[in-house]
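Written out below as structure tokens is the structure these notes cover.
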Amino acid sequence: MAYGMSVDNSSGRTQFTTEENYSLAYAGSSGTATALTTFPTTSWSGTDFIIARPASTSTGSQGEGYANVGRYYDGTWGSGQLAFPNSNNGNGGGYVVWRELIAQSAASLTPSGYGLVAYGSGGTSASDIIFSATDLDVTAELVGTGIFNGTSGSGTQADPYHQLFTMDASLDQGRYYVLVTNTHQQKVGGAMMTTRIHIDYEFRYDTTPGTILVQSFLKVGSTMTSINHGTEWAVFYVRNGGTVDSNFS
Amino acid sequence: MAYGLEVYSSGNTKIVTIDSRCTRVAASGTTASISNGGFASVTVTGMSNIDSWQVFVSPNSSPSSTLSADFYTVKGTNAFSVFNDMGVSSTFDYFVIRSG
């Protein structure tokens, strides 16, 4: 007879289940970064990924909105020329705050004290943990996802092609993070701005209160077209992050 | 009546609410090198092409002189595929999450 534990909420969403050996993703280490610096790769083995947000709602000398947040094509953090928050342009306070999302099974947890701990079918080692309430402190909750294929907007620098994500006004907007690991920013050739090509799948924290633009476009000179990139995006809300996440208040 | 799981931190802060979309990591890793114009399929048992499954990929060898964003993913039954049209061969880091 099969046995285990599964929790579904009243919205019909499965919160965790021992029917699958899938471990809960939670918020691990955090840090800050400026443009074109090394992307967090500590312990990177494909098992953890990075979410980030602008450090603040400051608008600086470049770009629109608070700041774009994305990853440059070479794997570093995004470029300042693409309005990424860095020390040159001041957008978003000059830097990003990032956090690692990691599976509890990959975090070498040693549950102790009290609280619910559920293991998968492999046994009771740390790598078998699929849910450990006793080791949870900072959590990251999925609040939005979709495909990079937005067509809203007028196709200008001020209003690029995008989908609009609206934050819950009753929550702390400084706790909304976007998944950066699979975003993409690139400029190709063209020393002159009229011939330079940009291709962007990224996020823009907008000056319109409480919105994030999920951008996907190709720009040649000043001509912009929307693109269906065929890859997915995600927005997370971090709970109990402490002073790391209090900058938007 | 609303119901679901709630978890509180040691400081009595609610960190999982009954409305939380908890995400579970279903798979992660790195593909073999994919040639330009080719693809690689990755088996993820139980996977299907619905919104509660998300696949995220990132290339490890992007070109600088052509558009390095020319790659995409397709979700399927028990697997997903990564297609590479970047003009150069590359491996791809991937991670798959299952959400409520």
Side-chain angles (χ1 to χ4, degrees), chain A residues 7-17 20 22-25 44-49 71 73-75 101-103 105-106 113 115-116 130-131 133 136-143 145 179 181-184 186 188-189 197 199-201 218 227-234 236 239-240, chain B residues 1-11 13-31 44-46 51-75 82-83 86 92-100:
Chain A
V7 177
D8 290 357
N9 66 16
S10 50
S11 299
R13 298 187 183 281
T14 298
Q15 295 185 291
F16 87 94
T17 176
E20 305 163 334
Y22 303 154
S23 183
L24 181 75
W44 172 259
S45 59
T47 60
D48 46 4
F49 39 106
R71 192 180 185 190
Y73 76 94
D74 65 359
L101 277 184
I102 187 169
S105 60
L116 175 66
I130 61 171
F131 185 94
L136 277 179
D137 186 28
V138 184
T139 54
E141 176 183 332
L142 182 68
V143 292
T145 187
L179 179 62
T181 304
N182 68 320
T183 58
H184 209 83
Q186 187 186 19
V188 178
I197 299 172
I199 190 162
D200 293 65
Y201 305 105
L218 170 67
I227 295 180
N228 181 350
H229 187 33
T231 60
E232 300 188 280
W233 57 266
F236 291 84
R239 296 184 184 276
N240 202 33
Chain B
M1 181 186 73
Y3 57 87
L5 177 70
E6 287 187 342
V7 178
Y8 291 80
S9 73
S10 57
T13 298
K14 189 185 297 185
I15 52 177
V16 175
T17 77
I18 60 172
D19 298 319
S20 291
R21 291 184 67 181
C22 297
T23 55
R24 293 102 71 192
V25 179
S28 63
T30 304
T31 70
V44 182
T45 302
D51 289 342
S52 62
W53 288 88
Q54 281 87 40
V55 178
F56 306 104
V57 301
S58 181
N60 291 312
S61 301
S62 297
S64 59
S65 58
T66 57
L67 292 180
S68 58
D70 290 341
F71 62 89
Y72 59 98
T73 59
V74 174
K75 294 186 289 190
V82 184
F83 291 80
M86 297 190 301
F92 289 78
D93 287 335
Y94 65 84
F95 42 92
V96 181
I97 62 173
R98 182 84 196 272
S99 60

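Letters go in sequence order (proteins before strands), and every chain restarts at 1.
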- B/G100 and A/R13 have their tightest heavy-atom pair at O-NH1, 2.7 Å

- Does the B/S20 side chain pair with the main chain of A/E141, one donor and one acceptor, at a distance under 3.5 Å? no

- Message: Need one label for A/H184: side chain, backbone, both or neither, based on atoms under 4.5 Å from any heavy atom in chain B.
- Response: side chain

- Please assess A/N182 against B/Y94 for the test side-chain contact (heavy atoms from CB on, under 4.5 Å), listing each intermediate value before the final yes or no. CA-CA 9 Å; A/N182 68 320; B/Y94 65 84; over 6 Å; no

- Taking the inter-plane angle between the rings of B/F95 and A/F49 on a 0 to 90° scale, is it parallel (under 30°), tilted (30 to 60°) or perpendicular (over 60°)? parallel

- Query: Which pair of non-hydrogen atoms, one from A/T231 and one from B/Y72, has the smallest distance, and what is that distance?
  - Reply: CG2-CA, 3.9 Å

- Cut-off 4.5 Å, heavy atoms of chain B, and the answer for A/D8 is backbone

- Query: Among B/G46, B/P59, B/P63, B/G11, which residue forms the greatest number of heavy-atom pairs with chain A at distances under 4.5 Å?
  - Reply: B/P63

- Whether B/T23 side chain and A/L142 backbone form a donor-acceptor pair below 3.5 Å: no

- Task: Sort A/I130 into side chain, backbone, both or neither according to what part of it lies under 4.5 angstrom from a heavy atom of chain B.
- Result: neither

- Query: Taking the side chain from A/Q15 and the backbone from B/E6, do they hold a donor-acceptor pair closer than 3.5 Å?
  - Reply: no

- Task: Please report the closest heavy-atom contact between B/I15 and A/R239, naming both atoms and the distance.
- Result: O-CD, 3.4 Å

- Item | Pairwise salt bridge (Lys or Arg N to Asp or Glu O under 4.0 Å) hits with a residue in residues 64-75 of chain B, at least two apart | A/E232-B/K75

